[in-house]
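Here is the structure we will look at.
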2 protein chains.
Amino acid sequence: MQGEEEGKAIRRDAAKNRLHILEVASVLFSQQGVEQVSMNQIAMEAQIGSGTLYRHFRDKSELCYALINDQIPFLFEDMDDFLAEHAKEPPNQKLEGVLKRFLRFRETKRNLLFGVEEIPSKKPMAFSHQNPLFDQMHALLMAIFQEVDPSEQATGTSEFKADLLMMALRRDAYEFQREIRGRSPDEILQQLCQTFMAQPLTTDEREP
Amino acid sequence: MQGEEEGKAIRRDAAKNRLHILEVASVLFSQQGVEQVSMNQIAMEAQIGSGTLYRHFRDKSELCYALINDQIPFLFEDMDDFLAEHAKEPPNQKLEGVLKRFLRFRETKRNLLFGVEEIPSKKPMAFSHQNPLFDQMHALLMAIFQEVDPSEQATGTSEFKADLLMMALRRDAYEFQREIRGRSPDEILQQLCQTFMAQPLTTDEREP
DNA sequence: TTGACAAGCGGAGAGTTCTCCGATTAAATC
DNA sequence: GATTTAATCGGAGAACTCTCCGCTTGTCAA
């Protein structure tokens, strides 16, 4: 489902198993937290062999990703709607709206995103290049930066800025600001906008 | 040696073991790479029980850190010398010099820093808050940002910028730029300076 | 020296992740 | 329905991290 081409029809028992795994994992994860649940436990609870589990999902990270996969289109729909409505606003408004929605998503899916980003994965990188959520978000940010300064295209500065901002949106960076620095989601949002766009917004022209 | 208070004298056999572990690990790591060497392998090669190994170093990450620990003072000496010599230069020069030295260190200690930053660790966070290398570097960067704009102190913006820059200096972010984006160390340095200080340096006033 | 005893040692073992491959079974073909 | 065949299943087992606890050994005070 993730990256592979589907050349053949999927066997019915396999499809059922896959669904069943997702259900069981979803329950266990929300009951005990992603970290506390082992792959073994999921296999046992689902009454399947561990080999079966691992054929469906290479590791826990991939399993977590599968569980948020459905919701990702909604996130970007939300963002695209916002961008369409505010097409004529200055880019810093756009950036703020987009980041706000991303951070809201992050708060909502906190548990599963932890699994995606922090559980060691066989794949090159979990929340990084080649992850659709990452790539799509990155493209969005880069477009905004290029709108601000099209001359950046040649130097790759927009790309670099987007890379940097993606780092700041990662779970560990965000949670560090929340928990160790004690900043609220809104403060983080403002700092990000300030840092990545020269002129900060004044408080009263923000959207509610 | 790391964080704990030393209330008691260390037993002689324990000290000898510790040294011996470091020697063996150092050889194995440079021969086979940090990732390929297991804690078991280190214990066997050093002819000690695994319990002994784990009492000295809680995990591989901590062991790697112990192996670079000695070199860290030299890095900061180097930076402090540079800052002393260039005390009157503009802050962007200082930032560039400091970052340059840090990235040089990163390239030199690539293997061990991989272990410190990427091997899962029991401690709160490996290359992050509470790690002396991280904290010292962070303090340095924050001081530079506050020199640029002292008014940032109240808003915590300097702190935030330093946090952000530390993220960009992490292994995965740096290696991503090097390998996937194909940027040279120097390009990365320039992009960082550009992004974090409004006015970029012109090419010919950089130090060689 | 000689206990006393806390610090240190070692390795068995619990709990994981993940692989491998013979046994099963869905589904296409005859 | 019977046959074929290839995808899927299951779980034993390899390799690993890390803990626990009975045994050993420095160290220090008498």
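Letters go in sequence order (proteins before strands), and every chain restarts at 1.
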(message) Between E152(B) and T157(B), is the side-chain hydrogen bond (donor to acceptor under 3.5 Å, both in side chains) condition met? List the steps.
(response) CA-CA 5 Å; E152(B) 283 182 353; T157(B) 299; 5.4 Å; no

(request) Go through the steps to decide whether E62(A) and Y54(A) satisfy the test side-chain hydrogen bond (donor to acceptor under 3.5 Å, both in side chains), and finish with yes or no. (result) CA-CA 10 Å; E62(A) 199 171 304; Y54(A) 277 98; over 6 Å; no

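For the pair G51(B) and R58(A), nearest-nucleotide mapping onto DNA chain C gives the more 5' position to G51(B). Nucleotides of DNA chain D nearest to Q36(B) and I48(A) differ in position, and the one nearer the 5' end is that of I48(A). Residue V37(B) is the one, among V37(B) and D13(B), whose nearest nucleotide of DNA chain D lies closer to the 5' end (criterion: closest heavy atom). Positionally, the nearest nucleotide of DNA chain C for Q41(A) lies more toward the 5' end than for the other of R55(A) and Q41(A).
Rounded to an integer number of Å, the gap from CD1 of I21(B) to C1' of dG8(C) is 11 Å. The interatomic distance linking I10(A) (CD1) with dA26(C) (P) rounds to 16 Å, in whole Å. Rounding to whole angstrom units, NZ of residue K60(A) and P of dG15(C) are separated by 16 Å. Atom CG of L63(A) is separated from atom P of dC18(C) by 12 Å (rounded to the nearest Å). One atom, NZ of K122(B), and another, C1' of dG15(C), lie 11 Å apart when rounded to the nearest Å. Taking atom CG on L28(B) and atom P on dC16(D), their separation rounds to 13 Å, with Å as the unit. Rounding to whole angstrom units, CG of residue D59(A) and C1' of dT19(C) are separated by 14 Å. Regarding N40(B), its CG atom lies at a distance of 13 Å from the C1' atom of dT19(D), rounded to whole Å.
A donor-acceptor pair is defined here as one N or O able to donate and one able to accept, closer than 3.5 Å; such a pair exists between the side chain of R101(A) and the backbone of G97(A).
Nearest to the side-chain atoms of Y54(B) among the listed nucleotides dT17(D), dA27(C), dC18(C) stands dT17(D). Nearest to the side-chain atoms of S50(B) among the listed nucleotides dA12(C), dG11(D), dG26(D) stands dA12(C). Taking only side-chain atoms of S38(B), from C-beta outward, the nucleotide of dC16(D), dA27(C), dC9(C) with the closest atom is dC16(D).
Atom CZ of residue R110(B) and atom CZ of residue R171(B) lie 7.5 Å apart, to the nearest 0.5 angstrom.
A sub-4.0 Å separation between OP1 or OP2 of dG8(C) and a side-chain N or O of H56(B) is absent. When the side-chain nitrogen and oxygen atoms of N17(A) are compared with OP1 and OP2 of dT8(D), none of them lie within a distance under 4.0 Å. One finds no side-chain N or O of T52(A) lying less than 4.0 angstrom from the OP1 or OP2 phosphate oxygen of dT8(D).
Ring orientation note: the planes of F102(A) and F105(A) are tilted relative to one another, at an angle of 30° to 60°.
Judged by atom type and distance alone, R11(A) reaches the base of dA7(D) through a side-chain donor-acceptor pair under 3.5 Å.
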